[in-house]
Number of protein chains: 2
Amino acid sequence: MTDDTRTRLVRTARALIHGSSFAEVGIADLCREAGVHRGSMYHFFPSKEAVGLAVIDANWELLKALLEESFDTEAPPLERIDAFIGGFAGMLTAARGRMGAVPGCPIGNLALELSGRPGEASARIAEILTAWQRYFRDAVAEAVLGGHIPAGVDPDTAALRALAYLQGITLMAKAYDRPTLVAEARTAIRTLIQTPTP
Amino acid sequence: MTDDTRTRLVRTARALIHGSSFAEVGIADLCREAGVHRGSMYHFFPSKEAVGLAVIDANWELLKALLEESFDTEAPPLERIDAFIGGFAGMLTAARGRMGAVPGCPIGNLALELSGRPGEASARIAEILTAWQRYFRDAVAEAVLGGHIPAGVDPDTAALRALAYLQGITLMAKAYDRPTLVAEARTAIRTLIQTPTP
DNA sequence: GGTGCAGTTGACCGGTCGGTCAAGCGGTAG
DNA sequence: CTACCGCTTGACCGACCGGTCAACTGCACC
């Protein structure tokens with residue numbers, strides 16, 4: 001309650017949208033849940049789409065925190081990736097406990113919902129996905145240099161594949177409501193990363 | 001035009017939803033596009049959700065046709081999977097030509113949008129995903145028996161991983177608007193399938 | 001000719017949507 | 001004291017939402 005009104009709005013919007021979808025969360029719901037009046041919300045955001053963009057950025061900020069924490073260590077590069085996946089799976093299971101169902105990836109959900117439709121959102125999401133890939137790529141590159149991985153591996157495609165698999169398994173985890181799938185992704189992602197690309 | 005009204009509704013709904021999302025397609029849009037009057041639509045479907053379910057089934061029917069065509073052959077099992085991925089990628093590139101952007105997987109999109117919310121849709125989608133997996137699983141099992149794949153491979157987890165990767169790379173293809181990513185998925189899925197699971 | 005029924009038509013409903021706005025609040029600077 | 005300003009308040013807007021309904025049409029069956 002000591003929070004900034006704007007902050008409170010973004011935080012509530014984040015939670016509501018993560019629990020369902022951008023389209024399904026109305027301004028009325030958002031304001032009610034955040035304890036903010038309609039007009040007050042429009043004092044901070046010019047439109048609902050602007051709230052959506054703020055939510056995307058907030059999601060990325062949270063995800064980036066986990067990425068930094070997992071990758072900015074002296075652990076061997078492949079273990080950093082494992083650590084990140086563990087943390088990511090942890091976030092999902094925690095969210096499931098909070099909301100009763102696996103909510104899916106905060107970025108991936110919005111990627112499917114907002115990509116390929118007018119507005120800045122799709123570009124922003126593409127940027128975020130490439131930034132995310134970059135963390136994987138750097139770790140893979142370091143693993144190649146360190147000899148933990150065959151030299152034939154291209155860090156960029158390995159990173160793309162790793163993120164794709166993570167997104168896909170998270171989708172399945174949501175569809176089946178089985179968060180453990182994500183934690184088990186470690187081995188599959190290792191094989192994806194360790195296999196040379198022609 | 002000689003089509004059944006109901007069929008025309010489902011077909012149009014399929015196209016519209018695939019182009020954006022279930023939530024964004026209104027009854028008004030649907031009826032206008034299909035050339036059907038409001039009340040007429042409600043003669044065939046009790047609710048919008050029912051239309052959604054019909055669309056899910058129609059999507060599955062189309063996908064199943066491609067699956068049957070790819071897997072019900074005498075080609076070596078691993079090549080059947082390749083063939084399917086090729087066909088799937090072809091569908092996406094064709095859709096991109098038609099609609100101007102990669103639309104994503106007709107099932108995966110709805111999986112993320114409708115899973116974990118009240119209604120039969122989520123259960124229906126989970127069924128479809130497992131049915132889809134089954135095609136992969138049978139092919140993998142046959143490949144194990146035929147010795148094309150190490151004996152340590154568990155067909156079920158291999159199939160899960162393959163489908164997860166396909167979904168994930170399709171998500172990325174939509175986000176980046178790069179349909180070629182899906183066609184290139186063949187090699188990654190091969191490595192996922194050929195690696196033994198402990 | 002009459003009856004029944006699948007299918008059509010389009011006006012209509014209450015509710016909710018995203019968005020606006022004029023008035024009012026407390027604090028602060030002149 | 002007053003004038004300004006960031007922020008709040010809640011009534012209000014037209015458009016659109018999913019859904020209803022009574023009247024109507026064409027056709028098959030008796």
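Within every chain, numbering begins at 1; the chains are lettered A, B, ... in the order of the sequence lines, protein sequences first and strands thereafter. Worth saying up front: this structure is predicted, and the values here are computed from it rather than measured.
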Using atom [atom1] of [X] as one end and atom [atom2] of [N] as the other, report the distance to the nearest whole Å.
{"X": "A/Arg38", "N": "D/dC12", "atom1": "CZ", "atom2": "P", "value": "14 Å"}
{"X": "B/Met41", "N": "C/dG7", "atom1": "CE", "atom2": "C1'", "value": "14 Å"}
{"X": "B/Arg32", "N": "C/dT9", "atom1": "CZ", "atom2": "P", "value": "16 Å"}
{"X": "A/Leu30", "N": "C/dT16", "atom1": "CG", "atom2": "P", "value": "17 Å"}
{"X": "B/Ile27", "N": "C/dG14", "atom1": "CD1", "atom2": "P", "value": "20 Å"}
{"X": "B/Leu9", "N": "C/dG7", "atom1": "CG", "atom2": "P", "value": "12 Å"}

As a quick check of understanding, evaluate side-chain contact (heavy atoms from CB on, under 4.5 Å) for A/Trp60 and A/Leu129, giving each step before the final call. CA-CA 9 Å; A/Trp60 172 230; A/Leu129 287 175; over 6 Å; no

Taking only N and O in the side chain of [X], is any of them less than 4.0 Å away from OP1 or OP2 of [N]?
{"X": "B/Thr5", "N": "C/dT8", "result": "yes"}
{"X": "B/Tyr42", "N": "D/dT20", "result": "no"}
{"X": "A/His43", "N": "D/dC7", "result": "yes"}
{"X": "B/His37", "N": "C/dG10", "result": "yes"}
{"X": "A/Ser47", "N": "C/dG18", "result": "no"}

Could you tell me whether A/Lys48 sits above the aromatic face of A/Phe22, with NZ or CZ closer than 6.0 angstrom to the six-membered ring centre and within 45 degrees of the axis?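 Ring-cation test returns yes.
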
Identify, between A/Gly39 and A/Ala23, the residue whose nearest nucleotide on DNA chain C lies closer to the 5' end.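 Mapping each residue to its closest nucleotide by heavy atoms, the 5'-most match is A/Ala23.
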
5′-ward residue of the pair A/Ser40/A/Ala28 relative to DNA chain C: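 Closer to the 5' end of DNA chain C: A/Ala28.
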
May I ask whether B/Leu163 and B/Val144 are part of the same hydrophobic cluster, defined by side-chain heavy atoms of I, L, V, M, F, W, Y residues being less than 4.5 angstrom apart, directly or through others?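 Result: yes, single cluster for both.
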
Does A/Gly26 reach a base, just sugar-phosphate, or nothing at all? Heavy atoms under 4.0 Å.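 It contacts sugar-phosphate atoms only.
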
Within the structure shown, what part of the strands sits under 4.0 Å from A/Val25 by heavy-atom distance: base, sugar-phosphate, or nothing?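 Sugar-phosphate contact only - A/Val25 comes under 4.0 Å of backbone atoms but never of a base.
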
If you count every heavy atom of other residues, nucleotides or ligands that lies below 6.0 Å from B/Glu127 atom CD, does the total exceed 12?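 Counting other residues, nucleotides and ligands, CD of B/Glu127 exceeds 12 neighbours.
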
Establish, yes or no, whether a centroid distance under 6.0 Å links the rings of A/Phe84 and A/Phe136.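 Yes, the ring of A/Phe84 comes within the 6.0 Å limit of the ring of A/Phe136, centre to centre.
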
